[in-house]
Asks: 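One structure coming up, written as structure tokens, with questions to follow.
Side chains included, hydrogens not; waters and symmetry mates left out as well; all remaining heavy atoms used. Within every chain, numbering begins at 1; the chains are lettered A, B, ... in the order of the sequence lines, protein sequences first and strands thereafter.
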Number of protein chains: 4
Amino acid sequence: MNDALPARGARLPSAERHALILEAAVEEFAGRGYAGARMAAVANRAGVTKGLLYHYFPGGKTDLFRAAIASCVAPALAEANQLASGFAGSARGLITALIDLGYARMALEPREHILMRLLMTEADRFPELAEFYRSEILQPSLMLTRQVLRAGVESGEFRPDADSLPGLAHVLLAPILMGSVWRMTLGEGAPDAAMLRAAHLQSAMRVLLAAPDG
Amino acid sequence: MNDALPARGARLPSAERHALILEAAVEEFAGRGYAGARMAAVANRAGVTKGLLYHYFPGGKTDLFRAAIASCVAPALAEANQLASGFAGSARGLITALIDLGYARMALEPREHILMRLLMTEADRFPELAEFYRSEILQPSLMLTRQVLRAGVESGEFRPDADSLPGLAHVLLAPILMGSVWRMTLGEGAPDAAMLRAAHLQSAMRVLLAAPDG
Amino acid sequence: MNDALPARGARLPSAERHALILEAAVEEFAGRGYAGARMAAVANRAGVTKGLLYHYFPGGKTDLFRAAIASCVAPALAEANQLASGFAGSARGLITALIDLGYARMALEPREHILMRLLMTEADRFPELAEFYRSEILQPSLMLTRQVLRAGVESGEFRPDADSLPGLAHVLLAPILMGSVWRMTLGEGAPDAAMLRAAHLQSAMRVLLAAPDG
Amino acid sequence: MNDALPARGARLPSAERHALILEAAVEEFAGRGYAGARMAAVANRAGVTKGLLYHYFPGGKTDLFRAAIASCVAPALAEANQLASGFAGSARGLITALIDLGYARMALEPREHILMRLLMTEADRFPELAEFYRSEILQPSLMLTRQVLRAGVESGEFRPDADSLPGLAHVLLAPILMGSVWRMTLGEGAPDAAMLRAAHLQSAMRVLLAAPDG
DNA sequence: TATGAATGAGCTTTCATTCAT
DNA sequence: TATGAATGAAAGCTCATTCAT
């Protein structure tokens with residue numbers, strides 16, 4: 001996996017070993033879920049022995065799991081926020097750009113898929129995960145969406161009631177998220193992302209734009 | 001769980017025991033996933049010994065798992081199809097009824113949630129499951145949706161292009177499905193179903209209706 | 001195996017069922033040893049259910065095993081004794097006929113092989129088996145051999161000391177028995193029976209005959 | 001069994017633990033056969049826990065079994081070959097020494113008996129075992145015997161045709177091997193080794209020697 | 001007689017975890 | 001830091017046996 005795997009038993013800076021192990025853990029947990037993942041496999045992937053895992057993650061499997069999840073989060077939403085905050089054009093242009101971003105990430109990045117899967121699988125055993133997803137992923141996404149809606153309403157591009165229906169942000173978000181679920185569940189058999197994107201864009205415009213687009 | 005659990009060791013008609021075990025398996029698998037589920041726990045829930053599990057499901061854990069999944073399927077889509085086939089009113093009324101049905105089931109029935117969760121979680125290990133979901137759940141749902149769209153177009157209620165955009169059915173379905181995912185992932189913290197339903201209905205109407213409803 | 005297996009569940013004369021089960025048990029034990037044999041497999045081979053095994057052999061697996069062994073014994077030595085008692089020709093002719101008989105049975109009859117194998121495998125757990133083999137198989141064989149030797153000495157065909165060396169009968173018997181062991185151990189790779197027979201005959205003659213045969 | 005069994009849980013050089021476990025496995029398999037042997041019993045005999053067995057023999061029971069068999073082999077034939085290669089006396093003296101060696105080992109060494117028993121018992125399930133016995137034990141023994149026969153013929157001690165009858169080596173070997181089988185099958189009730197040896201020697205001489213020893 | 005549902009003990013195996021080195 | 005030998009608790013599964021029908 002890594003093009004320059006360090007030799008077994010080699011002394012490595014602590015931080016690098018830590019990252020290496022974390023990376024291995026993400027792969028293992030993502031592929032097999034919490035219960036199905038084996039510490040020995042994580043150690044193998046990381047090129048270390050089982051014992052060392054407990055040196056870096058004294059809490060054992062659960063500790064490693066939480067750390068693995070946490071390492072999967074940051075970049076996803078950050079990009080969307082950056083896009084929105086620096087955007088100069090119309091509200092219509094911005095929401096188009098955001099939807100495009102969603103489908104683009106869906107096609108490219110496996111990290112969020114992994115996260116969603118683990119959330120679904122292990123939310124029972126690790127209640128913090130559900131809360132984490134709700135507060136760190138879902139809520140910010142909805143907030144961002146609502147900001148755009150409000151901006152569109154204020155600029156007159158969107159219908160006056162586009163920011164008054166509380167569930168609208170969910171409905172706008174759902175196709176992207178569901179596309180991600182389909183992707184990770186059905187693999188190659190999943191609905192085509194380009195097709196979803198086209199229908200999603202058109203629907204969103206019809207729902208939002210002040211003047212029907214004919 | 002069962003109000004009249006048969007006494008341990010009591011002889012039972014084969015079919016009843018089979019159903020009892022299956023029920024117990026659904027609960028156990030739903031709660032802990034495939035790898036986390038324990039045969040002993042299934043046996044306990046069913047009020048039998050481990051050995052008997054292998055009498056009824058000679059293929060062991062995998063056999064039991066497949067059977068448990070299969071037992072969760074039938075009723076969901078059947079109801080929707082029945083509703084659609086016997087519907088007398090307008091296309092608008094039908095799609096409203098179908099969306100209502102979706103959110104109603106989401107609130108009431110844990111069975112499909114369980115199914116979806118297991119499908120998503122274990123599709124890697126049981127490729128048949130993904131195919132099963134695609135062909136038995138998703139495709140029929142999309143087909144039903146497209147039928148309604150076509151009927152609405154033909155009757156003049158819906159925009160003329162409402163049945164020509166291939167991804168539209170996905171976009172219309174996504175909020176319901178994602179609502180189900182949120183429900184089973186976030187539990188009490190999930191977005192409110194009534195809220196989702198209201199926004200979903202309004203959006204759908206704007207996307208579909210020939211004349212804007214002002 | 002049987003050309004006219006009775007239908008499952010059919011009422012059968014007790015003796016026939018008994019024999020059918022015994023036959024099945026011999027095959028199963030022969031193929032897998034005592035510990036490796038499974039009652040369910042015996043029942044299957046016999047076309048009955050497990051429960052019935054305990055009706056016919058109340059002592060369970062051990063009971064069935066002893067009965068299976070006992071059913072394998074009778075015919076082998078009987079034939080040799082019959083041959084010897086009815087023999088009219090020379091002692092040389094008789095011992096030749098007996099050696100021929102040994103190699104002929106080795107090639108044809110799997111039953112004694114089975115017996116030997118079980119004896120070797122299970123003699124620890126069933127001490128009676130060793131005693132049974134010693135007294136019912138080995139001793140009679142040695143006795144028969146010694147009778148022939150004595151007859152040959154008395155008739156002047158064999159050296160005068162041919163019946164005074166106590167281990168000679170063992171040495172004469174060993175190649176046949178070892179041939180049987182090789183057969184069942186090495187299967188197709190076992191030493192050729194015809195080759196063994198030729199060498200055995202020539203050696204025996206040189207050891208026994210009063211006048212060297214040149 | 002071992003006079004200085006290491007304390008439970010004590011760390012031991014890998015090679016020693018390996019040997020300790022192997023030794024325990026030989027005993028257990030020898031005593032109960034493959035199917036009857038229990039991993040827990042092997043662990044107990046070796047003074048370790050079951051888990052460690054799988055550390056040293058990742059292939060589990062079959063792996064351990066093969067290793068146990070293989071560990072029983074080396075010394076037996078080596079001794080005979082050494083004896084033959086360093087022998088200075090007559091061919092008659094050599095064959096006498098070899099036969100003596102065979103009966104001596106039979107009386108003393110349980111290892112080869114164990115091997116033979118396992119070979120015979122489990123050859124079905126482990127076809128490699130049969131091949132192993134044939135190529136590593138039986139063939140070399142026959143080769144050694146034939147070498148001696150040829151040497152005796154060339155020196156004029158043995159009849160000119162003593163090396164031209166292909167099965168003669170088998171016949172000469174059989175009493176020793178069969179004696180071993182009797183030993184392990186009948187235990188104390190087996191034919192006396194000294195008696196067998198005497199008869200075997202005398203017979204061999206009569207079969208082989210150029211001039212009858214009358 | 002005959003069935004097969006039901007048991008329960010015991011088997012092999014896996015795996016997270018510990019700890020002496 | 002890093003190793004890997006060693007543990008022990010459980011897991012999945014098998015199978016001889018019993019017994020109500």
Asks: Ignoring backbone atoms, test whether R17(D) places a side-chain nitrogen or oxygen under 4.0 Å from the OP1 or OP2 oxygen of dG4(F).
Replies: no
Asks: May I have the distance from R11(B) (atom CZ) to dT21(F) (atom C1'), rounded to whole angstrom?
Replies: 6 Å
Asks: Do Y54(B) and M39(B) have side chains that get closer than 4.5 Å, going by heavy atoms?
Replies: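 Result yes, sub-4.5 Å side-chain heavy-atom pair found.
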Asks: Using Watson-Crick or G-U wobble pairs with both distances under 3.5 Å, give me DNA chain F in dot-bracket, 5' to 3', with [ ] for crossers and | for pairs to another strand.
Replies: .||||||||||||||||||||
Asks: Heavy-atom distance under 4.5 Å between the side chains of L118(B) and L129(B), does that happen here?
Replies: no
Asks: Taking only residues two or more places apart in sequence, or in another chain, which ones meet A30(C) in a side-chain contact (heavy atoms from CB on, under 4.5 Å)?
Replies: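 A30(C): side-chain contact (heavy atoms from CB on, under 4.5 Å) contacts with I114(C).
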Asks: For H55(C), what residues pass the side-chain contact (heavy atoms from CB on, under 4.5 Å) criterion, not counting sequence neighbours?
Replies: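 By the side-chain contact (heavy atoms from CB on, under 4.5 Å) rule, H55(C) matches L52(C).
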Asks: Which whole-number value in Å describes the distance from R32(A) CZ to dT14(E) C1'?
Replies: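 After rounding, the gap between these two atoms is 13 Å.
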Asks: Once you apply a heavy-atom cut-off of 4.0 Å, does F57(C) come out as touching a base, just sugar-phosphate, or nothing?
Replies: nothing
Asks: Can you measure H18(C) atom NE2 to dA2(E) atom C1' for me and round it to whole angstrom units?
Replies: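 Taking NE2 of H18(C) and C1' of dA2(E), I get 17 Å after rounding.
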Asks: What integer distance in Å separates H55(A):NE2 from dG4(F):P?
Replies: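 So the two atoms are 16 Å apart, to the nearest Å.
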Asks: Between atom CG in D63(C) and atom P in dT17(F), what is the gap in whole Å?
Replies: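 Rounded to whole Å, this separation is 10 Å.
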Asks: Pairs under 3.5 angstrom, nitrogen or oxygen only, protein versus nucleotides 13-15 of chain F, please.
Replies:
| from | atom 1 | to | atom 2 | distance (Å) |
| --- | --- | --- | --- | --- |
| dC13(F) | OP2 | Y54(B) | OH | 2.8 |
| dC13(F) | OP2 | K61(B) | N | 3.1 |
| dC13(F) | O5' | Y54(B) | OH | 3.4 |
| dC13(F) | N4 | K50(B) | NZ | 2.5 |

Asks: Taking the side chain of T49(D) as heavy atoms from C-beta outward, which of dA2(F), dG8(F), dT3(E) is closest to it?
Replies: dG8(F)
Asks: How many Å lie between OH on Y56(C) and P on dA16(F), as a whole number?
Replies: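 Taking OH of Y56(C) and P of dA16(F), I get 20 Å after rounding.
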Asks: More 5' along DNA chain E: Y34(A) or S14(B), using each one's nearest nucleotide?
Replies: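 Comparing both residues, the 5'-ward one is S14(B).
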Asks: List for me each residue that meets side-chain contact (heavy atoms from CB on, under 4.5 Å) alongside T62(B), sequence neighbours excluded, and say none if there are none.
Replies: Y34(B), R66(B), F126(B)
Asks: Is there a side-chain contact between I21(A) and L64(A) in this structure, where contact means two heavy atoms from C-beta onward sitting under 4.5 Å apart?
Replies: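 Of all side-chain heavy-atom pairs linking L64(A) with I21(A), at least one is under 4.5 Å.
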Asks: Quick one: list whatever passes salt bridge (Lys or Arg N to Asp or Glu O under 4.0 Å) with R38(C), sequence neighbours left out.
Replies: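 Testing R38(C) for salt bridge (Lys or Arg N to Asp or Glu O under 4.0 Å), a comparison that skips the adjacent residues, returns none.
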Asks: Would you list the pairs meeting salt bridge (Lys or Arg N to Asp or Glu O under 4.0 Å) in which at least one residue belongs to residues 51-61 of chain D, sequence neighbours left out?
Replies: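 Salt bridge (Lys or Arg N to Asp or Glu O under 4.0 Å) check on residues 51-61 of chain D returns no pairs.
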Asks: Which residues pass the side-chain contact (heavy atoms from CB on, under 4.5 Å) test with A35(A), sequence neighbours left out?
Replies: R125(A), A35(B)
Asks: For the pair made of CG in L12(B) and P in dT21(F), what is the distance, rounded to whole Å?
Replies: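 One finds 11 Å between P of dT21(F) and CG of L12(B), rounded.
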Asks: Given atom CG of L53(D) and atom C1' of dC11(E), what is their separation to the nearest angstrom?
Replies: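 For the pair L53(D) CG and dC11(E) C1', the rounded distance is 13 Å.
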